[in-house]
Amino acid sequence: MIKKNKLIAFFTLIGLVTLLSACSSQTKPYDAKQKLGPQINYTITGIDAGAGIMASTQKALSTYHLEGQNWQLQTSSTAAMTSTLDKAIADKRPIVITGWQPHWMFTKYPIKFLKDPKNVFGQAEHINTIVRKGLKKDMPEAYTILDRFHWTPAEMSKVMLQVNDGVDPEKAAKDWIKANPKQVAKWTKGVKKVHGTKIKVTYVAWDSEIASTNVVAEVLRQQGYEPTIQAMEIQPMWASVATKAADAQVAAWLPKTSGLYYKDYQGKFEDLGPNLEGAKVGLAVPKYMTNVNSIDDLKTK
Ligand code: PBE
């Protein structure tokens, strides 16, 4: 009996080793002399299906005539994508991802944006603050703060990096506020304190929005509000403000990335303008893929 078990264990092991080596044979380091497509199974590694960057990437696949070559976009999540990127970079394997800034992926990994000569993703983006209709009348203090809320990619990145290092988002927001009193004072100067008024901010749990939403909520809390923040998918987030189920969101990547939702809900919200400028969205690859510099190269290289 013992012998039989040992035999089974032995053959299972052999089987596993064969399987593993078969897998790794498809995952060689990037070879600039070979065509790129077959090296990565014509696959772009993406994030959650609802994200604007996924819709833009689909558009890029058709605009750059990559669909005909069987290029496809794989849906996953930001966490899964960055983990796949991490492993690919450790082995110098080829990979094409959906990339955006501000995000720690550009700080942590040697990656570069691919040029986008057909301008599918647009040049620069800004992130706008969107509030429900009637907020100005109902909560003028919160309205003023939300209207003034504006920071830089570098400031947002500080909070994002903390959260990525495992700090609780609410604590990271509090710490940032404590370290940047002058900046916060610009948003709250002359605004009356309130006493326990409830306010609801919705967001999508992307790293950038976890950072901005927590900072805004914390500033409102220090003003006397009782904020709740609620994470959801992108479409319900836009719907929540349009139907007045929520008061605000600070997550509108424009003009392109959230452009469809902006158009769909036009007239049902108030746009308070950018809270951040200099964002960017596109496709990205590791820098060691030296001969791949443009989305056009996916086809030809
Ligand atoms: N992003 C980050 C989002 C917005 C924030 C670029 C992944 C998107 O809708 O694609």
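Order of appearance sets the numbers: ligands from 1, and atoms from 1 within every ligand.
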Quiz item: Pairs in or reaching into residues 189-228: which pass ring-ring contact (aromatic ring centres under 6.0 Å, His included), with residues at least two apart or in two chains?
Solution: none
Quiz prompt | N/O donor-acceptor pair under 3.5 Å between T152 side chain and E155 backbone | solution = yes
Quiz item: Taking atom types as modelled and ignoring hydrogens, do the side chains of Q235 and Y265 form a donor-acceptor contact shorter than 3.5 angstrom?
Solution: yes
Exercise. Would you check if there is a donor-acceptor pair between the side chains of D91 and Y30 at a distance under 3.5 Å?
Key: no
Practice problem: Identify whether NZ of Lys or CZ of Arg in K280 sits under 6.0 Å from the centre of the six-membered ring of F113 and within 45° of that ring's axis. | Solution: yes
Contact table ligand 1 N or O to protein N or O, d under 3.5 Å:
{"residue": "ligand 1", "atom": "9 (O)", "partner": "G52", "partner atom": "N", "Å": "2.7"}
{"residue": "ligand 1", "atom": "10 (O)", "partner": "G52", "partner atom": "N", "Å": "3.2"}
{"residue": "ligand 1", "atom": "10 (O)", "partner": "I53", "partner atom": "N", "Å": "2.8"}

Practice problem: Report whether M105 and Y288 are members of the same hydrophobic cluster (ILVMFWY, side-chain heavy atoms less than 4.5 Å apart, transitive linking). | Solution: yes
